[in-house]
Amino acid sequence: MVSPYVRTVKTASGARAVQIVYSSRRGSRDIEHIGSAHDDAELEVLRAVARQRMAAGQGELDLGVEGAATAGRGAGPLPITSSRMGHLWDALTRAYEALGFTQATGGDEVFRQLVLARIIEPTSKLDSLRVLEETGVAPASYATVKRRLPVFADQSWRQRLAAACAAHAGLGPASLVLYDVSTLYFETDTADGFREPGFSKERRLEPQITIGLLTDAAGFPLMVEAFEGNKAETLTMVPTIRAFMQAHRLSDVTIVADAGMVSAANQKAIEAAGLSFILGARIPEVPYVVAAWRQAHPDQEIDDGQVFIQPWPAGSADRRRDQVIYYQYKTDRARRTLRGIDEQVAKAEKAVAGKTTVKRNRFVRLSGGTRTVNRALEAKARAVAGLKGYVTNLAVCPDGTPITAEFVIDAYHRLFHIEKSFRMSKHDLQARPIYHHTRDSIDAHLTIVFAALAVSRWIEDHTSWSIKKFVRTARRYRTIEIQAGEHTITAADPLPHDLHHALEAITQPNRRAH
């Protein structure tokens, strides 16, 4: 009969070690060395491991004895007293603090919890308490959350967050700022003056609100404003920019916006405010400089990437600066545009022939009940295919060098950064205020989403990971506390190599994950 028992011994270095010893008629024989311990807590863990090894394959007799008397003495698993997504929560907190949000909000813990919970799992304010508990964070009560929401909707609160974002972006008079709008709809049939039916980018008929987002040249959010759902997009830009400049005491910034955002009145308002801009220019017909080039080169195709420059000096009565319009031709853009024209013309011809019903088609002309294909419009559309216009009133680049076509075109194409921010806010952060109905609660919700977007962009910039990938990966690795006798042991899942480097890039801002 072999009888195992556990003993502790001292190693050559003076540390205590646990050994499992089997006794038999032939004497004692050291069978297995489990490990070494340097303190009582580690020793208790090693003893527990030893007991489990000795009890391997043996049944347990339930004597009905529970509680402290048997804690740490049986062969069963050690109890886990707490578990948290430590790596994820600490990384998000690091980003939150690096952006200056702790100072901007006066250390408001409820706001921080709602912002970070939204990044981990966007859901309702009530359900976010469940997200926090699963993360391992003690959440504020729902009553406290509801009481704090009106504070988060206050304009001064939002301005402090915007100031922190502007400071992080290093915004100055020579900075580029991008502006665009989107819409968020509500599942209701009742308009209330704020939630109103209007032009929807998602082609929905429900009441909606219009969201104006201002970012820096890299797409980092600087300010968000909510407008009535039936307010034209072109009427949102100037008020947002003016409010931003007043809040940050900026005398001038360079606004970059799409052609669809710039009405004639908008451009005049921008000029009247003395602001610099780079705007998309509509091309209703062939520009003079392009027509002149084609006349001088009748047998030559325009080279891919060729730029035509058309100065537009201000007249003596004009209250504006001199402007320059750059027209760039791209072969791939022309190919895609011409293919679309061919498809629309083919549909127009079928509609005119009575083979299909007349739908919205710019090449179908109705005159006195007669339908014809508008060949003049077709020819004009084909003539400008491949051309894109950019207009600016800048005389020099931010570094003081003369303005160039390359700088203007590159600045305009940075608008894809703001489109990315909108996608993040609408999809990753689910910005649509499903559970909010009053103006204050909607504004508070958008403030939380705005802060969550800023934290998410900070994480992405420092790790080169999407926020979705970062959250999905980091949340799997938890930090746990184990009760071993009278001692508490902290343990954590081992991190994969790529996540380790991503977390290093967050804790050490001068590094970047690859």
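If you read the sequence from its start, that first residue is 1, and numbering goes on from there. Only heavy atoms go into these numbers, but all of them, side chains included; no hydrogens, no water, no symmetry mates.
In this structure the side chain of L88 never reaches within 4.5 angstrom of the side chain of T135, judged on heavy atoms. A 4.5 Å side-chain heavy-atom check between Q310 and V324 finds every atom pair outside the cut-off. For the pair T215 and L213, the minimum side-chain heavy-atom distance is below 4.5 Å. The closest side-chain heavy-atom distance from S128 to L114 is below 4.5 Å. Residues V373 and V364 form no side-chain contact, since every pair of their non-hydrogen atoms from C-beta on lies 4.5 Å or further apart. Considering only heavy atoms from C-beta on, K125 comes within 4.5 Å of I448 through its side chain. For the pair D90/M85, no side-chain contact is recorded, criterion being any heavy-atom separation below 4.5 Å from C-beta on. In this structure, I459 and I506 have side chains that are in contact, with non-hydrogen atoms separated by less than 4.5 Å.
In this view, S421 and R457 satisfy the side-chain hydrogen bond (donor to acceptor under 3.5 Å, both in side chains) rule, not counting sequence neighbours. Scanning for ring pair (Phe, Tyr, Trp, His ring centres under 6.0 Å) contacts around F101 gives Y96, with sequence neighbours left out. Here E109 pairs with R112 under the salt bridge (Lys or Arg N to Asp or Glu O under 4.0 Å) rule; sequence neighbours left out. Applying the ring pair (Phe, Tyr, Trp, His ring centres under 6.0 Å) rule to F111 yields the partners F152, W157; only residues at least two apart in sequence or on another chain are considered. Partners of A226 under the side-chain contact (heavy atoms from CB on, under 4.5 Å) rule, at least two apart in sequence or in another chain, are F194, I211, D443, L446. Every residue two or more places apart in sequence or in another chain that forms a side-chain hydrogen bond (donor to acceptor under 3.5 Å, both in side chains) with S276 is listed here: D252, R321. Qualifying side-chain contact (heavy atoms from CB on, under 4.5 Å) partners for S367, counting only residues two or more places apart in sequence or in other chains: none. Listed by chain and residue number, nothing satisfies the side-chain hydrogen bond (donor to acceptor under 3.5 Å, both in side chains) test with R320 (two or more places apart in sequence, or in another chain). Under the side-chain contact (heavy atoms from CB on, under 4.5 Å) criterion, E301 pairs with no residue at all, not counting sequence neighbours. In this view, E121 and R130 satisfy the side-chain hydrogen bond (donor to acceptor under 3.5 Å, both in side chains) rule, not counting sequence neighbours.
Between D216 and R414, no side-chain nitrogen of the basic residue sits less than 4.0 Å from a carboxylate oxygen of the acidic one, so the salt-bridge criterion is not met. Salt-bridge formation is detected for the pair R335/D332: a Lys NZ or Arg NE/NH1/NH2 atom is positioned less than 4.0 Å from an Asp or Glu carboxylate oxygen. At a threshold of 4.0 Å, the pair E349-R371 does not count as salt-bridged, since none of the basic side-chain nitrogens sits closer than that to a carboxylate oxygen. A salt bridge links R382 and E378; the closest N-O separation between the charged side-chain nitrogens and carboxylate oxygens is under 4.0 Å.
Side-chain atoms of D322 come within 3.5 Å of backbone N or O of A314 as a donor-acceptor pair. A donor-acceptor pair under 3.5 Å is formed between the side chain of S124 and the backbone N or O of D127. The main-chain N or O of V110 is never found under 3.5 Å from a side-chain atom of Q113 such that the two would form a donor-acceptor pair. Looking only at distances, a side-chain donor or acceptor of H462 sits under 3.5 Å from a matching main-chain atom of W458.
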Show, in sequence, the C-alpha distance, side-chain angles and deciding distance for H417 and D180, and conclude whether the side chain to side chain contact (heavy atoms under 4.5 Å, CB included) test is met.
CA-CA 11 Å; H417 288 301; D180 203 356; over 6 Å; no
Would you check, one step at a time, whether the test side chain to side chain contact (heavy atoms under 4.5 Å, CB included) holds for Q323 with T392?
CA-CA 6 Å; Q323 297 178 11; T392 183; over 6 Å; no
Run the side chain to side chain contact (heavy atoms under 4.5 Å, CB included) test on T254 and F277 for me, step by step, so that the C-alpha distance in whole Å, both residues' side-chain angles and the decisive distance to 0.1 Å come before the verdict.
CA-CA 5 Å; T254 300; F277 60 77; 5.6 Å; no
Step by step, work out the side chain to side chain contact (heavy atoms under 4.5 Å, CB included) result for H87 and R475.
CA-CA 7 Å; H87 299 296; R475 72 183 301 165; over 6 Å; no
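At most 12 heavy atoms of other shown residues, nucleotides or ligands fall within 6.0 angstrom of atom NE2 in H497. No more than 12 heavy atoms of other residues, nucleotides or ligands shown are found within 6.0 angstrom of NZ on K347. More than 12 heavy atoms of other residues, nucleotides or ligands shown are found within 6.0 angstrom of CD on Q155.
The shortest non-hydrogen separation linking R158 to V224 is NH2-O, 3.5 Å. Summarising the geometry of I302 relative to W293, their closest heavy-atom pair is CG1-CZ3, 3.5 Å, with the distance given to 0.1 Å. Closest approach of A91 to F470, counting heavy atoms only: CB-CZ, 3.6 Å. Scanning all heavy atoms of the two residues, the minimum distance from I283 to G389 falls at CD1-N, 3.5 Å. Looking at every heavy atom in both residues, E460 comes nearest to I467 through OE2-N, 2.8 Å. Heavy-atom minimum distance, V289 versus I309: CG1-O, 3.7 Å.
Here the straight-line distance linking atom CZ of R339 with atom CD of E343 works out to 6.5 Å at 0.5 Å rounding. The structure places CG of L499 at 4.5 Å from CG of L503, a figure rounded to the nearest 0.5 Å. Between atom CG of residue L338 and atom CZ of residue R333 there is a gap of 12.5 Å, rounded to the nearest 0.5 Å. The structure places CG of L149 at 10.5 Å from NE2 of H445, a figure rounded to the nearest 0.5 Å. In this structure, the separation between NZ on K388 and OG1 on T337 is 10.0 Å, given to the nearest 0.5 Å. With rounding to the nearest 0.5 angstrom, the CG atom of N374 is 10.5 Å from the CG atom of L366.
Within the structure, ring-ring contact (aromatic ring centres under 6.0 Å, His included) pairs that include any residue of residues 378-409 comprise Y390-Y412, Y390-H413 (at least two apart or interchain). Sorted by first and then second residue, the ring-ring contact (aromatic ring centres under 6.0 Å, His included) pairs involving residues 318-339 (not counting sequence neighbours) form an empty list.
One side chain, D154 or S156, offers a donor N or O that lies under 3.5 Å from an acceptor on the other.
Between F220 and H168, the ring-plane angle classifies as tilted under the 30° and 60° cut-offs.
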